Amino acid sequence: DSGVTQTPKHLITATGQRVTLRCSPRSGDLSVYWYQQSLDQGLQFLIQYYNGEERAKGNILERFSAQQFPDLHSELNLSSLELGDSALYFCASSPREGGNIQYFGAGTRLSVL
Amino acid sequence: GENVEQHPSTLSVQEGDSAVIKCTYSDSASNYFPWYKQELGKRPQLIIDIRSNVGEKKDQRIAVTLNKTAKHFSLHITETQPEDSAVYFCAASTRNRDDKIIFGKGTRLHILP
């Protein structure tokens, strides 16, 4: 167990809907990263937050947004869902800023039907 | 921006033999290079990392080498065992800049009995 908690583990929804994925980082970790992993694909970096502020942005669609709350948990919001958004979404946390070990959660598997 | 190329995409080796996975990166400012192992259906887990001030790092059967001039780094696994079968991801990031971490597309390693 990495200490990073992601909920829910599985999510099934329909096209056009909106969902929220939640991540609780390891105790004391200030950085949270979000990744998308499609079938047989690598890890696509979406966005990073550090101590409540957006720190880095990757290939995140405009339909997606995220935030990190004062208690350091983070939420990834996916809206106007499309079939192609079906993927495994990982959250990872790190003690400080970049250049450090990332501890991954177990992921949320999103299926858009 | 940073781009990380990883080769091969699939690798099969006989149990007991060595496996080598290679990655190249484009941003000369990258200074942190982790390797993650992802077993089927599980989260990525860090197995070894190297910083730009070091040329080689070993941890039991695993070693990573870094050539800053050529901008490439490699993962070496010796005396491979069945439990080494997994997908391996390399990554590169630049600490103290935008903290973006870019992953390679992964190498699926099969250890043959």
Side-chain angles (χ1 to χ4, degrees), chain A residues 1-7 9-10 21 23-26 29-60 68 87-109, chain B residues 1-10 21 23 25 27 29-54 57 59 64 66 73 86-110:
Chain A
D1 186 5
S2 66
V4 179
T5 304
Q6 285 189 251
T7 56
K9 290 187 177 177
H10 302 279
L21 312 184
C23 171
S24 294
R26 291 187 331 149
D29 283 1
L30 299 177
S31 273
V32 169
Y33 303 77
W34 285 98
Y35 296 90
Q36 180 191 58
Q37 186 175 42
S38 302
L39 193 62
D40 287 337
Q41 293 293 311
L43 291 160
Q44 296 294 320
F45 169 69
L46 296 178
I47 198 164
Q48 180 210 358
Y49 280 82
Y50 174 73
N51 203 20
E53 294 187 1
E54 182 183 303
R55 179 73 184 208
K57 225 169 187 176
N59 299 321
I60 187 167
Q68 187 179 27
L88 193 53
Y89 290 84
F90 284 106
C91 164
S93 75
S94 178
R96 298 184 296 276
E97 299 171 67
N100 288 284
I101 298 170
Q102 294 187 21
Y103 299 89
F104 282 77
T108 292
R109 183 169 296 283
Chain B
E2 175 68 280
N3 183 48
V4 176
E5 298 283 341
Q6 183 171 349
H7 299 280
S9 57
T10 305
I21 302 170
C23 289
Y25 60 98
D27 190 347
S30 290
N31 53 16
Y32 176 64
F33 308 92
W35 286 88
Y36 286 82
K37 174 183 178 183
Q38 186 178 25
E39 296 177 8
L40 191 62
K42 296 191 176 179
R43 73 193 78 193
Q45 289 190 294
L46 182 81
I47 55 171
I48 195 167
D49 57 7
I50 191 168
R51 299 190 186 275
S52 58
N53 58 348
V54 175
K57 185 176 178 180
D59 183 4
V64 58
L66 171 65
F73 56 114
V87 178
Y88 292 81
F89 293 98
C90 65
S93 76
T94 307
R95 190 174 182 181
N96 298 327
R97 206 157 80 176
D98 62 8
D99 297 336
K100 198 177 294 186
I101 181 166
I102 304 299
F103 282 81
K105 291 191 181 302
T107 295
R108 188 173 296 278
L109 176 62
H110 298 278

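These numbers were taken from a predicted model, which means no experiment stands behind them. Lettering follows sequence order; numbering is per chain, from 1.
- Considering only heavy-atom pairs separated by less than 4.5 Å from chain B, the leading option among A:G58, A:A92, A:G105 is A:G105.
- Taking CD of B:Q38 as the start and CG of A:L43 as the end, the distance is 6.0 Å to the nearest 0.5 Å.
- In this structure, A:R26 places its CZ atom where more than 12 heavy-atom neighbours from other residues, nucleotides or ligands lie under 6.0 Å away.
- A distance of 7.0 Å separates CD1 of B:I101 from OH of A:Y33, quoted to the nearest 0.5 Å.
- Both the backbone and the side chain of B:P44 come within contact range of chain A, each with at least one heavy atom under 4.5 Å from a heavy atom of that chain.
- Atom-to-atom distance recorded for A:F104:CZ and B:Y36:OH is 5.0 Å, nearest 0.5 angstrom.
- With rounding to the nearest 0.5 angstrom, the CZ atom of B:R43 is 13.0 Å from the CD atom of A:Q37.
- Proximity to chain B (any heavy atom under 4.5 Å) is restricted, for A:Y35, to the side chain, taken from C-beta onward.
- The number of heavy-atom neighbours closer than 6.0 Å to CG of A:N59, taken from other residues, nucleotides and ligands shown, is 12 or below.
- Taking the side chain as every heavy atom from C-beta outward, B:Q45 and A:I101 never approach each other to under 4.5 Å.
- Atom CD of residue A:Q102 and atom CG of residue B:L46 lie 9.5 Å apart, to the nearest 0.5 angstrom.
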